[in-house]
Structures are given as structure tokens and as C-alpha cells.
Protein chains: 2
Amino acid sequence: MQVTIKQVAQRAGVSVATVSYVLNGTGTVTDETRQRVLDAVAELNYQPRYAARSMRGRSRTLGVTLSTLPGRLAEPALTEVLAGVADAAVLRGYFLLLATANADQDETELCLSLARTRRVDGLVLLDMLVDDPRAQALAGAGIPHVCAGPPPAGIDSPSVAIDMHTAAVDAVRHLLGLGHRRIGLIQLPSELAVSDLIVEGYRQALTEAGLPFDPTLVIESGRTEEDGYQAMTELLASPKPPTAVLAGSDELAFGAMHALNDACLIVGRDVSLVGFDDLPQAAHVNPPLTTMRQPRRVQGQQLTMLLDDVILKRNTSLRTVTLSARLIVRRSSGPAPVS
Amino acid sequence: MQVTIKQVAQRAGVSVATVSYVLNGTGTVTDETRQRVLDAVAELNYQPRYAARSMRGRSRTLGVTLSTLPGRLAEPALTEVLAGVADAAVLRGYFLLLATANADQDETELCLSLARTRRVDGLVLLDMLVDDPRAQALAGAGIPHVCAGPPPAGIDSPSVAIDMHTAAVDAVRHLLGLGHRRIGLIQLPSELAVSDLIVEGYRQALTEAGLPFDPTLVIESGRTEEDGYQAMTELLASPKPPTAVLAGSDELAFGAMHALNDACLIVGRDVSLVGFDDLPQAAHVNPPLTTMRQPRRVQGQQLTMLLDDVILKRNTSLRTVTLSARLIVRRSSGPAPVS
DNA sequence: ACACTTCGCTTAACCGTTTTACTACTTAAT
DNA sequence: ATTAAGTAGTAAAACGGTTAAGCGAAGTGT
């Protein structure tokens with residue numbers, strides 16, 4: 001059988017309340033009594049049951065939901081954020097509950113359900129969509145949550161976002177500076193909130209340079225390497241293929257790089273390639289990938305801390321954190337070839 | 001305020017017990033009463049509180065612990081297994097609790113604590129070590145758990161392991177078949193349970209071919225790409241560098257590949273390289289990596305199902321599942337250069 | 001010397017479910 | 001007609017903690 005607070009109390013010769021007070025540091029207890037209790041706790045190896053404890057008060061758990069898609073956890077960009085979330089969670093004394101949506105319950109319902117059953121104190125929303133239904137529902141129900149990316153228009157959910165617009169501008173400027181004039185864009189799925197921001201930045205940088213916006217150079221793709229491969233193949237098949245390509249993520253860029261290899265084009269000489277993320281692998285592919293480094297790990301940490309603030313209703317003036325991406329130049333981008 | 005079972009009972013004009021019976025399908029209830037209850041539940045949008053519910057019975061949560069090392073979640077090999085664990089967990093009706101060890105509590109204590117506080121019904125042990133202390137402690141305390149890899153000697157914890165010995169033999173045979181005679185090994189940290197198995201397989205395959213075991217060709221490394229880079233650099237610096245190298249993981253192989261690139265050696269021609277895992281990226285590096293595909297996702301799924309069986313004390317004759325790795329030949333391995 | 005606080009602890013209420021024990025009513029069998 | 005055996009429900013006791021309220025003993029100010 002499990003050891004309960006009652007047994008500890010009996011052994012220490014005090015009431016259960018006193019044990020609880022000692023363990024939580026709440027009541028007023030003599031040093032001598034405290035010691036007796038602590039001894040009893042140690043001898044019996046007592047640990048309070050979580051369910052009983054959280055019947056009153058918080059569950060000390062943060063929720064992270066995943067869509068039905070199997071294998072979401074295997075995506076590096078997502079796990080980088082998650083790693084940050086997890087690292088900060090332990091510092092703030094939270095556990096992390098990972099819940100996957102299924103056929104009977106979509107992700108929004110899952111979020112609501114986790115909160116309503118008090119399984120979690122708050123939720124971290126990864127992978128924000130345009131008009132994200134999760135954020136809308138949670139904001140509507142007054143459930144603590146934070147968004148990893150821009151919250152939907154009209155909803156003022158706390159968020160930690162990376163300024164993707166500026167990042168895209170910087171990336172394109174880099175390519176313009178290298179003399180490129182035909183610059184392609186392999187876009188993340190347009191339902192993602194970041195997708196539009198990147199396109200807008202791309203567009204702005206071109207306009208600044210007096211270049212027209214050519215829709216045939218922009219391809220909406222998926223999120224996997226495979227998707228990047230196909231998108232690049234498509235770009236190469238066009239009558240006037242680009243001399244440089246910006247990919248919406250490193251994963252897409254890796255796929256694109258593979259397609260360029262298969263087409264016997266040398267990346268960084270024949271075609272320049274810029275990614276988005278700076279995953280650990282980015283430095284180790286051949287050639288090493290020029291990319292906009294996103295501080296994903298930091299984003300995750302900040303998300304957790306912000307969520308903790310929201311849960312504890314701390315007066316946080318700063319409910320919208322914006323981080324910047326930074327251009328990391330490697331060998332996948334080089335001067336435009338002389339035509 | 002939260003809606004409770006009492007309010008539902010009141011609205012349906014029945015006792016709380018009846019509501020509970022309806023919701024759990026336990027007692028005997030008229031169809032008419034059942035409907036009244038279900039209506040009330042729907043109208044009030046009632047969801048039973050998790051803490052109260054799990055005071056009796058199980059917590060319907062599986063635990064996964066991570067070591068103190070920040071960013072463990074960003075390791076692709078680990079997240080592949082985790083993705084499998086998560087995918088199967090939702091099918092069996094479990095949530096996943098992700099807990100990180102910290103300064104006051106090492107991973108073993110964390111595991112024990114999660115079980116004793118009844119926060120989880122069972123634990124999945126990833127990243128098995130030689131004589132893994134977690135498995136020893138959990139087996140000793142009779143706590144349900146499963147090991148992703150071989151359990152420590154003398155402990156018969158249920159496990160889902162991949163036959164790394166045979167896999168290593170197959171990998172080396174592949175290289176031998178291509179004519180290689182000096183084959184290096186970049187080894188995972190020797191504290192990992194898989195590490196020894198790979199070395200043994202490597203050794204056996206060499207012996208079969210009548211080749212001597214040369215300790216200078218075996219380098220114990222870490223687990224990151226950076227570690228692989230350094231190990232490869234070290235191998236290249238030796239007086240007689242190998243013409244082929246087997247790496248203990250794809251990550252190590254990626255790092256090794258990078259080192260070979262930097263040394264202006266062409267992978268697959270000058271030096272052959274074989275990895276271990278077949279991560280999604282493996283097909284997309286340049287050149288694509290020959291590797292021993294490990295069914296990590298499946299391993300994760302089986303881990304969850306096996307753990308569920310253990311928790312429910314189902315009569316599982318099969319408490320030790322062994323999966324096989326499969327050689328995937330790509331372009332990073334080729335015929336030995338004529339010397 | 002008296003009322004008033006503070007200290008250190010206990011008793012008991014409470015949290016929201018599940019489950020046990022029991023009751024009133026029907027139906028079936030003797 | 002009487003008893004046995006379901007049926008459909010209720011009231012109350014767990015479950016294992018936290019916390020509010022209460023209560024003597026000791027200290028304090030007048």
C-alpha cells in the first residue's frame with residue numbers, strides 16, 4: 001500500500017494538518033516539531049499524492065497539444081521550441097503534458113478539455129495558424145495560454161513571436177546584395193501565420209530594390225524536405241528559373257538543396273539558397289546553409305515564463321515579446337552568376 | 001466557477017451517483033434517466049475534473065523523463081521514438097507527461113517520484129545506459145516501466161530493443177563486400193547500452209572476414225554532429241586512415257560527412273560512410289547517406305503498447321520485443337578506392 | 001490582576017469524484 | 001400469500017490531501 005499523510009502524522013505524533021503545514025511551509029510550527037515530521041517523512045519515504053494535492057489549487061502542469069498528424073514530434077523546428085519550453089518549465093516547477101488530438105477530438109477541443117478538466121494550468125500554442133481557432137477559443141473562455149507566433153487579429157493573447165517580416169526583408173536584401181535579380185520563394189503552407197509575413201517581407205525587399213513581384217517565382221509548399229524538393233524542382237522547370245531562392249524553413253531548404261544537387265547544379269555558385277531557422281544540421285549540410293537564425297530555444301523559454309506569469313496573474317506589462325532573426329551567412333549563398 | 005457533477009445532478013433531477021454511473025457506464029440506469037443526464041451534461045458543458053477523478057484509480061498518464069541536459073528534446077533520434085510513443089499513447093487513451101530532471105533530483109529519483117505521487121501510471125525509459133539505474137530502481141520498486149533498448153543484466157524489465165549487434169554486422173559486411181579492408185568505427189558514448197553491441201557486431205564481422213581488430217580505428221565519441229566531426233577529423237589524422245567508416249548514429253555520420261567535405265574528400269568515392277538510424281534527413285544530405293534503418297517510430301509505438309499491457313497486468317507472454325534494423329544503401333558508400 | 005494578542009497545534013470542513021451499502025419498488029417463483 | 005430476486009435509484013463513505021476555524025498556553029500592555 002501507499003504511504004499517506006496519516007501514517008506520517010501518526011509516526012511523528014502530530015495531526016495531519018501539522019504535517020501538511022510543515023511540507024508546504026504554511027503554518028507556524030516549532031523547529032522541534034518540524035524536525036520530527038521531517039524525520040517521519042524521510043523514514044517512510046513519503047511523497048504526497050499528486051491527485052489529492054491538486055484537488056485544491058493548481059495542477060502545476062503546462063499543456064502542449066499536437067495535431068492529429070502522426071510524427072509531429074519528429075519535426076526539428078517544433079522540437080527546438082519544445083526543448084526551450086521544457087527547459088524553462090522545470091525551472092518554474094512545471095511538468096509538461098503532451099497531448100495529441102485524435103479523431104473524436106480536434107486540437108481546439110483538446111485544449112479546452114485539458115483546461116476544463118484542470119489537467120493543465122495553461123497551454124502553449126505552437127504552430128500558429130492564420131485566425132488560429134485554438135487561440136480564439138481559449139481567449140474566449142479566459143484560459144491562460146501563450147502563442148508561439150502572432151495571435152489572430154483581434155485577439156490579444158500573450159505571445160512570443162519572431163519578427164518574420166523583417167527577417168524576410170533581411171534575407172532577400174542579402175541575396176540582392178550578391179547581385180541576384182531573379183529570386184524565388186518557397187513558401188510554408190499559407191495557413192500558417194508566419195507564411196504571410198515572409199511573403200510580405202519578400203515583396204517589400206523586392207519593391208525597395210525596384211524589382212517587380214513575379215508570382216511565378218513564389219511557390220506555396222508544405223513543411224517537409226520532400227515538399228521542398230518538389231517545390232525546387234518546379235521552380236527549376238520554369239522557363240526562366242531563379243538564380244537564388246529563399247525557403248520558408250531550413251527543412252524546405254534542405255529539400256531544395258537536394259533537388260539542386262540532383263539537377264547537377266552547384267548550390268552557392270549556380271543557384272543560391274537561403275533557409276529559415278538555423279537548425280543544428282544547417283551548419284553540417286553540404287554546402288553549409290545560409291539561413292536566418294531563429295532563436296527557437298529562447299522563444300520556448302520565454303513562452304513558458306510568460307505563461308507562468310499569466311497563470312499567476314503577475315503584472316506583466318510585456319505580454320507580447322518579439323524576437324529577431326539574424327542572418328547567418330554560409331556557403332549556400334554566393335554572387336549571382338554572370339548570365 | 002467550474003461546473004461540477006453536483007450541478008449536473010441537480011439539473012437532471014437525479015443524484016450525483018447516477019450522473020457518475022451514466023458517465024462511466026457502470027450502474028444500471030433507465031434509458032430515460034440516462035438521456036436526461038446526458039442532456040444536462042451537454043447543456044452545462046460538463047467535464048469531470050481530472051484530479052478528483054484520478055484520486056481513485058489510475059492517472060491515465062505515461063511518464064517520459066529527460067536528463068538534465070538542456071535541449072535533449074531537440075535530438076532527432078530521440079524525438080522519433082517519442083513521436084511513436086505519443087502516437088500510440090493517444091490510441092490507448094493516455095496522455096504523456098514530459099519531465100526533466102534538475103539539480104535537486106536526478107532522473108532516477110524523478111522516475112520514482114512521478115510514480116509514487118501517482119502522477120503517472122508507468123514510465124518509458126529512453127536512452128538506456130549500461131546498468132541503467134532507472135530500470136534497476138523501478139524494477140526494485142515494482143513500478144510499471146518499459147525500456148527502449150536492452151535492460152540491465154539481471155533485471156528483466158519489459159523492453160523493446162533493436163538488434164544492434166546484427167545490425168552492426170550487416171553494416172560492416174556491406175562495406176567489406178565493397179572491398180573495404182580498413183574500416184573505422186565512430187562509437188556512441190560507451191555508457192549507452194547500445195554502444196557495446198555495435199562494437200561487438202563490428203568486431204565479429206571483421207573476424208569473420210579474417211581481418212584483425214585495430215583499436216586505433218575505433219573512436220569513442222559523443223552524440224552530436226559536432227562530436228562526429230571531431231571523431232572523423234581524428235581518424236583522418238591517423239597515419240593510415242580508414243577507407244570506410246561506420247558511425248553509431250546518423251547524427252555522428254552527418255558530422256563525419258562534414259569533416260570529410262572539409263578535408264576535400266569525396267564521400268562515397270574516397271571514403272565510404274555508413275550511418276545508423278535513417279533519419280528523414282539521411283536521404284537528403286549530399287551525398288545521401290547509406291545507413292542502417294532503425295524502426296524508431298515503431299519502437300515507440302510498441303513501447304507504449306507494451307507499457308499499457310504491463311500497467312493493466314495483461315498476460316503478455318511477449319515482454320521482450322526485438323526489432324531489426326535494415327540496410328539502406330545510398331550514395332555515401334561505394335567501392336573501396338584502388339590503393 | 002485582567003483583557004488581549006500571539007503561538008503552536010488540533011479538529012473538522014472541504015475539494016469533486018467514485019463506489020459501497022442500502023432502500024423502495026417490480027417481477028417471478030414457491 | 002409470501003418470499004426471493006432483480007431494477008433503478010439514493011445517501012453517505014471513501015479517496016488523500018489543504019485550509020479555515022477553534023482552542024489552550026504563554027506572553028504583553030495597562
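Numbers restart at 1 for each chain; the letters A, B, ... are given by sequence-line order, proteins then strands.
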Taking every non-hydrogen atom, the tightest pair across P144(B) and I311(B)
CB-CG1, 3.8 Å

Distance below 4.0 Å between R53(A) side-chain N/O and dT18(D) OP1 or OP2
yes

Considering just the side-chain nitrogens and oxygens of S20(B), establish if one lies under 4.0 Å of OP1 or OP2 belonging to dT18(C).
yes

Using the salt bridge (Lys or Arg N to Asp or Glu O under 4.0 Å) rule, collect all pairs that involve residues 76-102 of chain A, keeping only residues at least two apart or in two chains.
E80(A)-R297(A), R92(A)-D308(A), R92(A)-D309(A)

Can a side chain N or O of R49(B) be found less than 4.0 Å away from OP1 or OP2 on dC15(C)?
no

Could you give the NZ-to-P distance, from K6(A) to dT11(C), as a whole number of Å?
13 Å

Of V14(B) and V16(A), the one whose closest DNA chain D nucleotide lies more 5':
V14(B)

Proximal nucleotide (of dT10(D), dC15(C), dC9(C)) relative to the M55(A) side chain:
dC15(C)

Indicate, yes or no, whether a donor-acceptor pair under 3.5 Å links the base of dT20(C) to the side chain of Y21(B).
yes

Among dT10(C), dA13(D), dG17(D), find the nucleotide with the atom closest to the side chain of R56(B).
dA13(D)

Among dT10(D), dG17(D), dT11(C), which is the nearest nucleotide to the side chain of T18(B)?
dT10(D)

Just checking, any donor-acceptor pair under 3.5 angstrom between side chains of R119(A) and T61(B)?
yes

Output all residues satisfying side chain to side chain contact (heavy atoms under 4.5 Å, CB included) with V16(B), sequence neighbours left out; order by chain, then residue number.
I5(B), K6(B), A9(B)

Distance, rounded to the nearest Å, where E32(A) contributes CD and dC9(C) contributes C1'
13 Å

Quickly work out the Y50(A) OH to dT18(D) P distance and round it to whole Å.
13 Å

Terminal axes of the helix from dA1(C)-dT30(D) to dT30(C)-dA1(D) (5 end pairs apiece), angle rounded to 10 degrees, sit apart by 50°

Using atom CG of N24(B) as one end and atom P of dG16(C) as the other, report the distance to the nearest whole Å.
17 Å

Is the shortest side-chain N/O distance from T30(A) to OP1 or OP2 of dC9(C) below 4.0 Å?
yes

Taking CD from Q2(B) and C1' from dG16(C), how many angstroms apart are they, rounded to a whole number?
10 Å

State whether the side chain of S159(A) and the backbone N or O of P150(A) hold a donor-acceptor pair below 3.5 Å, judged by distance alone.
no

Kindly say if T28(B) contacts the phosphate of dG9(D), meaning a side-chain N or O under 4.0 Å from OP1 or OP2.
no

For a quick check of understanding: with a heavy-atom distance under 4.0 Å over all strands, which category does T33(B) fall into, base, sugar-phosphate or nothing?
sugar-phosphate

May I have the distance from Q7(A) (atom CD) to dC15(D) (atom P), rounded to whole angstrom?
12 Å

Ignoring the backbone of I5(A), work out which of dA12(D), dC9(C), dG17(D) is nearest its side chain.
dG17(D)

Taking every heavy atom of V29(A) against every heavy atom of R34(A), the minimum-distance pair comes out as O-NH2, 3.4 Å

Donor + acceptor pair across side chains of Q2(A), R49(A) (<3.5 Å):
no

Q136(B), CD: over 12 other non-hydrogen atoms inside 6.0 angstrom
yes

Any Y46(B) side-chain nitrogen or oxygen under 4.0 Å from OP1 or OP2 of dT17(C):
yes

To the nearest Å, give me how far apart CG (D31(A)) and P (dG8(C)) are.
9 Å

May I have the distance from R60(A) (atom CZ) to dG17(D) (atom P), rounded to whole angstrom?
18 Å

